[in-house]
Every structure is written in C-alpha cells, then in structure tokens.
Asker: 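The structure that follows is given in the form of structure tokens.
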Amino acid sequence: MAKTLRDVRPGKTVRVEKLTGTGPVKRRIMDMGITKGVDISVRKYAPLGDPVEVTVRGYELSLRKADAEMILVE
C-alpha cells in the first residue's frame with residue numbers, strides 16, 4: 001500500500017514519489033512547488049487535523065487533508 005503525505009507524522013521529512021490528483025487539484029499542488037522528487041517536512045497538523053502544515057523548498061505551506069492524500073511519498 002502506498003504511503004500518502006497525510007500518513008506522515010509531524011517532524012518527519014519525506015520525498016514526493018508521485019502526485020495522484022487530476023485537473024485543477026493537481027495543478028494547485030504543483031503550483032505550490034510540490035513535484036516528484038521534492039522533500040517535504042511535515043511541521044504539524046491543526047487541532048482537528050485540517051490543514052496539514054508543511055515546509056516545501058523553504059516555504060511554509062498549508063495543505064488540506066484531501067490534497068495531502070493525493071501526494072504519494074517514499
């Protein structure tokens with residue numbers, strides 16, 4: 001079973017393996033600089049789990065849980 005960004009615990013850094021989203025959702029993720037081979041550091045989850053706070057290419061970003069499920073990681 002593939003591991004998604006949503007499964008990663010805060011404080012861990014992972015590498016993007018594949019984006020599974022399509023259309024505008026995939027485009028939005030790629031516009032954030034999240035592409036294959038990029039390292040993502042998970043900083044924290046909001047108290048209710050949405051959004052996921054991450055660091056990508058030196059930028060701090062917030063992702064929705066649904067978007068994080070479309071990012072497969074190693």
Side-chain angles (χ1 to χ4, degrees):
M1 184 173 155
K3 183 177 177 181
T4 67
L5 185 61
R6 185 175 175 189
D7 300 326
V8 178
R9 296 284 143 232
K12 301 288 183 183
T13 299
V14 292
R15 184 166 295 226
V16 176
E17 189 174 291
K18 181 179 178 182
L19 300 177
T20 61
T22 58
V25 174
K26 185 174 183 177
R27 183 79 241 158
R28 182 175 64 241
I29 292 170
M30 291 177 74
D31 286 345
M32 290 184 199
I34 300 172
T35 56
K36 183 178 178 178
V38 170
D39 291 332
I40 297 178
S41 176
V42 178
R43 292 185 299 121
K44 66 180 179 177
Y45 286 91
L48 299 177
D50 207 10
V52 179
E53 302 286 332
V54 298
T55 302
V56 179
R57 300 177 190 243
Y59 294 98
E60 296 178 356
L61 305 172
S62 296
L63 290 171
R64 292 184 286 202
K65 283 192 291 187
D67 291 351
E69 289 177 349
M70 295 179 189
I71 302 169
L72 300 179
V73 296
E74 304 177 339

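Note: hydrogens, waters and symmetry copies are ignored here, and every other heavy atom, side chains too, is used.
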Asker: Heavy atoms only: give me the nearest Met70-Ile29 pair and the separation to one decimal.
Answerer: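 So the minimum-distance heavy-atom pair works out to CB-CD1, 4.3 Å.
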Asker: Between the side chains of Thr55 and Glu60, is a donor N or O closer than 3.5 angstrom to an acceptor N or O?
Answerer: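 There is no such pair (donor and acceptor under 3.5 Å, judged by atom type) between the side chains of Thr55 and Glu60.
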Asker: Would you indicate whether the side-chain heavy atoms of Val16 and Thr35 approach each other to under 4.5 Å?
Answerer: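 In short, these two side chains do not touch, never coming nearer than 4.5 Å.
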Asker: Taking the side chain as C-beta and beyond, is there a heavy-atom pair between Arg64 and Pro51 under 4.5 Å?
Answerer: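 The answer is no; the side chains never approach within 4.5 Å.
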Asker: Taking CZ in Arg28 as the centre, count heavy atoms belonging to other residues, nucleotides or ligands within less than 6.0 Å. Is the count above 12?
Answerer: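 Correct, the count exceeds 12.
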Asker: I need the minimum non-hydrogen distance between Tyr45 and Arg9, along with the two atoms involved.
Answerer: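 Looking at all heavy atoms of both residues, the shortest contact is CE1-NH1, 4.4 Å.
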Asker: When rounded to the nearest 0.5 angstrom, what is the spacing between OG in Ser62 and CE in Met32?
Answerer: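 So the OG of Ser62 and the CE of Met32 are separated by 8.5 Å.
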Asker: Supply the atom-to-atom distance Leu72 CG to Asp7 CG, rounded to the nearest 0.5 angstrom.
Answerer: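 Answer for the CG-CG pair, Leu72 versus Asp7, is 9.5 Å.
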Asker: Using side-chain heavy atoms (C-beta onward) and a distance below 4.5 Å, is Leu63 in contact with Ile34?
Answerer: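 A side-chain contact under 4.5 Å exists here.
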Asker: Please list all pairs meeting salt bridge (Lys or Arg N to Asp or Glu O under 4.0 Å) that have one or both residues in residues 10-20, counting only residues at least two apart or in different chains.
Answerer: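 Of all non-adjacent pairs touching residues 10-20, those that pass salt bridge (Lys or Arg N to Asp or Glu O under 4.0 Å) are Arg15-Asp39.
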Asker: Can you find a heavy atom in the side chain of Arg57 that is under 4.5 Å from one in the side chain of Val38?
Answerer: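 Sidechains of Val38 and Arg57: in contact.
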Asker: Rounded to the nearest 0.5 Å, how far does CD1 of Ile40 lie from CG of Leu61?
Answerer: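 If I round to the nearest 0.5 Å, the distance is 8.5 Å.
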Asker: In Å and rounded to the nearest 0.5 Å, what is the CD to OG1 distance from Glu69 to Thr20?
Answerer: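 Nearest 0.5 Å value for the CD-OG1 distance: 9.0 Å.
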Asker: Can you tell me how far apart NZ (Lys44) and CD (Glu53) are? Round to the nearest 0.5 Å.
Answerer: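 CD of Glu53 is found 5.5 Å from NZ of Lys44.
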